[in-house]
Amino acid sequence: MEHIDKNAQLEAAKALVTAIEQDDAAQIQSQLAILSIARESELFQEIGKMTRELHEALSNFNVDPRLVDLTQNDMPNTRNRLNYVIQTTEEAAHKTLGYIDQTLPLANELKLNADLIDKSWHRFRMREMSVEEFRALSREIEAYLPVVKAHADNIHQNLSEMTLAQGFQDLTGQVLKQVISLVEEVEDNLVRLVKVAGQHADFNAERKKDHNPIKAEGPQINAKDNPNVMKNQDDVDDLLSSLGF
Amino acid sequence: MKILIVDDFSTMRRIIKNLLRDLGFNNTVEADDGLTALPILKTGTIDFLVTDWNMPGMQGIDLLKTVRADEKLSTLPVLMVTAETKREQIIEAAQAGVNGYIVKPFTAATLKEKIEKIFERINAQQAQ
């Protein structure tokens, strides 16, 4: 089609030149009309092509209803899941700390009483103890042994509870894995979206995220790969002492 | 000695509180960020501040700067206990006048060591 157009245009152009040379006004008008019609039809073709591209881009945009679903359902759901992780880990930590609070005084009491009996027992072995004192010591030991048993039972039970409290790792681990797979899916969809919508976007544009070196970032996940991050307390102490701290 | 513990996670506050108790510091109060810490500090009853860095509201580094800029609080000893470990952050905290910097996760021994060092230095300064 383009070939035919070209020949027709060439003929019209030659005829136009001849008409101008011959001062044939009517012929000049009619040849000019032929040429502008050809030009307009090219313009229409170009507009038609752009319209098709736009239509395709728009329909690709709708290709994945999953994106809508992700935004409307999965994202709020993920927020809930992550809040569940915070809440569950917090509960587990408090539960464990609670059992520790219950256990430490038991261990302390056992130690203090054992210390006292140990000292008395030492005096008895050194024959520094009167009969009366020995009777008192016997009573102390007799009272102490059931306490040891009861406290040991309690300590055992508390330790078992602490073990059970670690079950949060299984639950939160499962939830976090779900979140990871959702993040992967969102990433995949976003990449496709960028490919469709951003054909003319400037991918070389630098990320304009303003970089604040002291912005709080929480724990560094890839500390090993980042020379700017202190790996442990010793690194921090070295840095501070290099600053004359 | 009254110590203010500032951290947005209640478990961390509890851990620090328990460790301090083991070190013989029984008098502690808690706040969950800089904004809630400031009114407590302004009462003038706090002798030592232990603060996290990353918190909603007012962050630890800003709390530290605010304390140093306040005439009545400027000499308050401040220990930062944080997961922030970038070189620039530690330098910033040092320049802002932090007295000790502990990175999480930390041990009871580290906490003890840093607190002892802070008081050693303060006592040495007072003796001069």
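Since we're looking at a predicted model, the values are computed, not measured. Proteins get letters first, then strands, A, B, ... in listed order; numbering begins at 1 in each.
For the set B:I102, B:T110, B:I91, the count of heavy-atom pairs under 4.5 angstrom toward chain A peaks at B:I102. By number of non-hydrogen pairs under 4.5 angstrom with chain A, the leading residue of B:R87, B:Q59, B:R121 is B:R87.
Checking side-chain atoms of B:E84 against main-chain N and O of A:G218 turns up a donor-acceptor pair under 3.5 Å.
Among residues 47-56 of chain B, the residues having any heavy atom closer than 4.5 Å to a heavy atom of chain A are, in sequence order, B:W53, B:N54. Residues of residues 4-37 of chain B that come closer than 4.5 Å to chain A, counting heavy atoms only, are B:F9, B:S10, B:T11, B:R14, B:I15, B:N18, B:R21, ordered by residue number. Interface residues of residues 74-101 of chain A toward chain B, defined by a heavy-atom distance below 4.5 Å and sorted by number: A:I86, A:E90, A:A93, A:H94, A:L97, A:G98, A:D101. Against chain B, the residues from residues 219-244 of chain A that qualify, each with a non-hydrogen atom under 4.5 angstrom away, are A:P219, A:Q220, A:P227, A:N228, A:V229, A:M230, A:N232, A:Q233, A:V236, A:D237, A:L239, A:L240, A:L243 in number order.
Only the side chain of B:K114 comes within contact range of chain A, with at least one heavy atom under 4.5 Å from a heavy atom of that chain.
At most 12 heavy atoms of other shown residues, nucleotides or ligands fall within 6.0 angstrom of atom CD in A:E187.
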